[in-house]
Amino acid sequence: MQDFKSFSEVIKNLKSEDFDSTALELFRFQASENQIYKKYLEARNIEIEAVSQVEEIPFLPIRFFKDQLIISGDLAQFPGFFSSSGTTGMITSKHYFWSEAWYLNHAQSIFEKEFGELSNFHVLALLPAYLERKGSSLVSMANFFIEQSGSEHSGFYLYNQDELLDKLRVLQHSPKKVLLLGVTFALLDLAESKKGFPTMKNLIVMETGGMKGRRKEMIREEVHELLKPYFGVKTIHSEYGMTELMSQAYSKGEGKYTLPTTMRVMLRDVNDPYSWSTKSQGGINVIDLANFHSCAFLETQDLGSFDENGYLQVLGRFDNSEIRGCNLLVQ
């Protein structure tokens, strides 16, 4: 694998049994070509050639994306970047991409493996806050999904609840599925509006997390119990993604996430970031092989666990970490 196009082909055709060998090859590439990661490894006295197992790969704290240039290669190779959301005065993360088109096709592939072809959906994106700023990877993904759906009814909604409800009434008997993709606070605002919601058997409600400072933080169970009766659905779906990751994980209910082939989550000790957790929960470290152009090995500020069936559950955030889009408080 010599360049980004070569990496992209490997990732596109990745098989689960090749994850470890690909991760180790990518680690050695980024240890050489990513200057910030290289300095981080040097500061920790890591001998690159001594790393022979995935469990031995050091993870870069995700906060480095806020004030450092996290790229593997020359800046001239990167046409743009995604930026994170944040409240006023908060430093936001920047994740440079080598190809926005590749990111969007990768996102489509992950979604369709879980839910089927986008051409079988009407995509309605309720994303205020995200739509009010530039550089959101979620908005870019949602816009691409809207295009790929090929539906004249697909589109974005800001705060226009009545228009959204009118559109849902039009689609309530459609043979296609309706994906209502919404930031959490906007879905709650709609549910609490008490405006009449149509009965729909073809509806998927998917929350992307985030109160954006508009509402008090709530645990996932509380959010979902408020949303389910209003929308008339048995489960609320969820997306776990962030600016610093090129891949997404999806939950079809109860906050239990299935990871795509390109992602692996490992739980670290909450008191020692360099040790793996010996308990049922811990800090979430993510390997995202789709980050081959930046850094694929990230220490997040999220807390998680795995259930008895191997599903990832995101429990919340570390107490001293900044609130960001995917935040839900620990119960």
Side-chain angles (χ1 to χ4, degrees), residues 59-63 65 84-86 93 95 107 110-111 114-115 127 130 137-138 141 181-188 204-212 215-228 235-271 273 276-277 279-288 290-291 296-331:
F59 288 74
L60 185 74
I62 203 167
R63 64 179 178 272
F65 279 85
S84 64
S85 57
S93 296
H95 192 181
I110 293 173
F111 179 89
E114 287 295 313
F115 300 99
L127 300 173
Y130 289 98
S137 57
L138 177 60
M141 183 181 78
L181 178 69
V183 63
T184 305
F185 82 81
L187 292 174
L188 285 168
I204 292 177
V205 179
M206 181 179 292
E207 52 99 1
T208 67
M211 295 301 187
K212 306 300 176 189
R215 306 172 65 102
K216 70 178 182 69
E217 296 297 331
M218 301 166 64
I219 61 172
R220 174 187 52 78
E221 291 85 355
E222 185 179 2
V223 170
H224 288 197
E225 288 307 310
L226 286 172
L227 296 179
K228 285 189 290 187
T235 61
I236 299 295
H237 294 55
S238 304
E239 182 242 10
Y240 180 65
M242 59 189 76
T243 300
E244 300 88 349
L245 299 177
M246 289 285 127
S247 300
Q248 306 81 34
Y250 289 101
S251 163
K252 294 183 178 180
E254 300 180 355
K256 297 182 177 183
Y257 292 89
T258 300
L259 300 178
T261 309
T262 52
M263 284 181 71
R264 179 179 296 176
V265 166
M266 304 163 75
L267 301 180
R268 68 180 185 275
D269 189 297
V270 295
N271 298 310
W276 299 118
S277 177
K279 300 179 180 179
S280 60
Q281 65 183 53
I284 291 179
N285 282 7
V286 177
I287 300 176
D288 184 1
N291 278 20
F297 314 97
L298 299 180
E299 173 194 299
T300 79
Q301 287 298 305
D302 294 331
L303 291 163
S305 66
F306 288 100
D307 72 3
E308 63 277 6
N309 296 312
Y311 290 104
L312 172 68
Q313 296 176 294
V314 182
L315 304 177
R317 305 274 286 151
F318 279 83
D319 289 340
N320 61 348
S321 62
E322 292 183 41
I323 294 173
R324 81 162 174 254
C326 62
N327 183 58
L328 290 177
L329 295 183
V330 178
Q331 187 171 15

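Residues forming a side chain to side chain contact (heavy atoms under 4.5 Å, CB included) with Pro61 (at least two apart in sequence, or on another chain): Tyr40, Arg63, Phe64, Glu299. Every residue meeting the ring-ring contact (aromatic ring centres under 6.0 Å, His included) condition with Tyr250, not counting sequence neighbours, appears here in chain and number order: Phe111, Phe115. Tyr311 is linked by a ring-ring contact (aromatic ring centres under 6.0 Å, His included) to nothing, counting only residues two or more places apart in sequence or in another chain.
Ser247 and Pro260 make their closest contact through CB-CG, 4.2 Å (heavy atoms, listed as atom of the first residue, atom of the second, distance). In terms of heavy-atom proximity, Arg317 sits nearest to Leu303 at O-CD1, 3.7 Å. Between Arg268 and Gln301, the shortest heavy-atom contact is NH2-NE2, 4.0 Å. The two atoms that bring Val265 and Phe306 nearest to each other are O-CZ, 3.5 Å, heavy atoms only. Considering all non-hydrogen atoms of both residues, Gln281 and Ser305 come closest at CB-CB, 3.9 Å.
Distance check, rounded to the nearest 0.5 Å: CD of Gln248 to CD of Glu114 gives 11.5 Å. The line from OG of Ser137 to CE of Met242 is 10.0 Å long, rounded to the nearest 0.5 Å. Met263 contributes atom CE, which lies 9.0 Å from atom CG of Asn291 (distance to the nearest 0.5 angstrom). Within the model, atoms CG of Leu312 and CG of Asp307 stand 9.0 Å from one another, a figure rounded to the nearest 0.5 Å. Separation of atoms CG (Leu187) and CD (Glu207) is listed at 7.5 Å; rounding is to 0.5 Å. Annotation: the span from Leu259 atom CG to Ile110 atom CD1 amounts to 10.0 Å, rounded to 0.5 Å.
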Output, in order, the C-alpha distance, side-chain angles, deciding distance and verdict of side-chain contact (heavy atoms from CB on, under 4.5 Å) for Val286 and Glu244.
CA-CA 10 Å; Val286 177; Glu244 300 88 349; over 6 Å; no
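Within the 3.5 Å criterion, the main-chain N or O of Thr258 finds no donor-acceptor partner in the side chain of Lys252. Not a single donor-acceptor pair under 3.5 Å links the side chain of Asp302 to the backbone N or O of Ile284. Under the 3.5 Å distance criterion, the side-chain polar atoms of Asn285 are left unmatched by any main-chain donor or acceptor of Phe297. Put simply, the side chain of Ser251 never gets that close to the backbone of Tyr257: no donor and acceptor are under 3.5 Å apart.
Taking the side chain as every heavy atom from C-beta outward, Leu226 and Leu188 approach each other to under 4.5 Å. Proximity of Thr235 to Glu254: side-chain heavy atoms (C-beta onward) are nowhere separated by under 4.5 Å.
For Gln313, the CD atom is densely surrounded, since the number of other residues' heavy atoms within 6.0 Å is greater than 12.
Looking only at atom types and distance, the side chain of Ser93 has no donor-acceptor partner in the side chain of Thr243 under 3.5 Å away.
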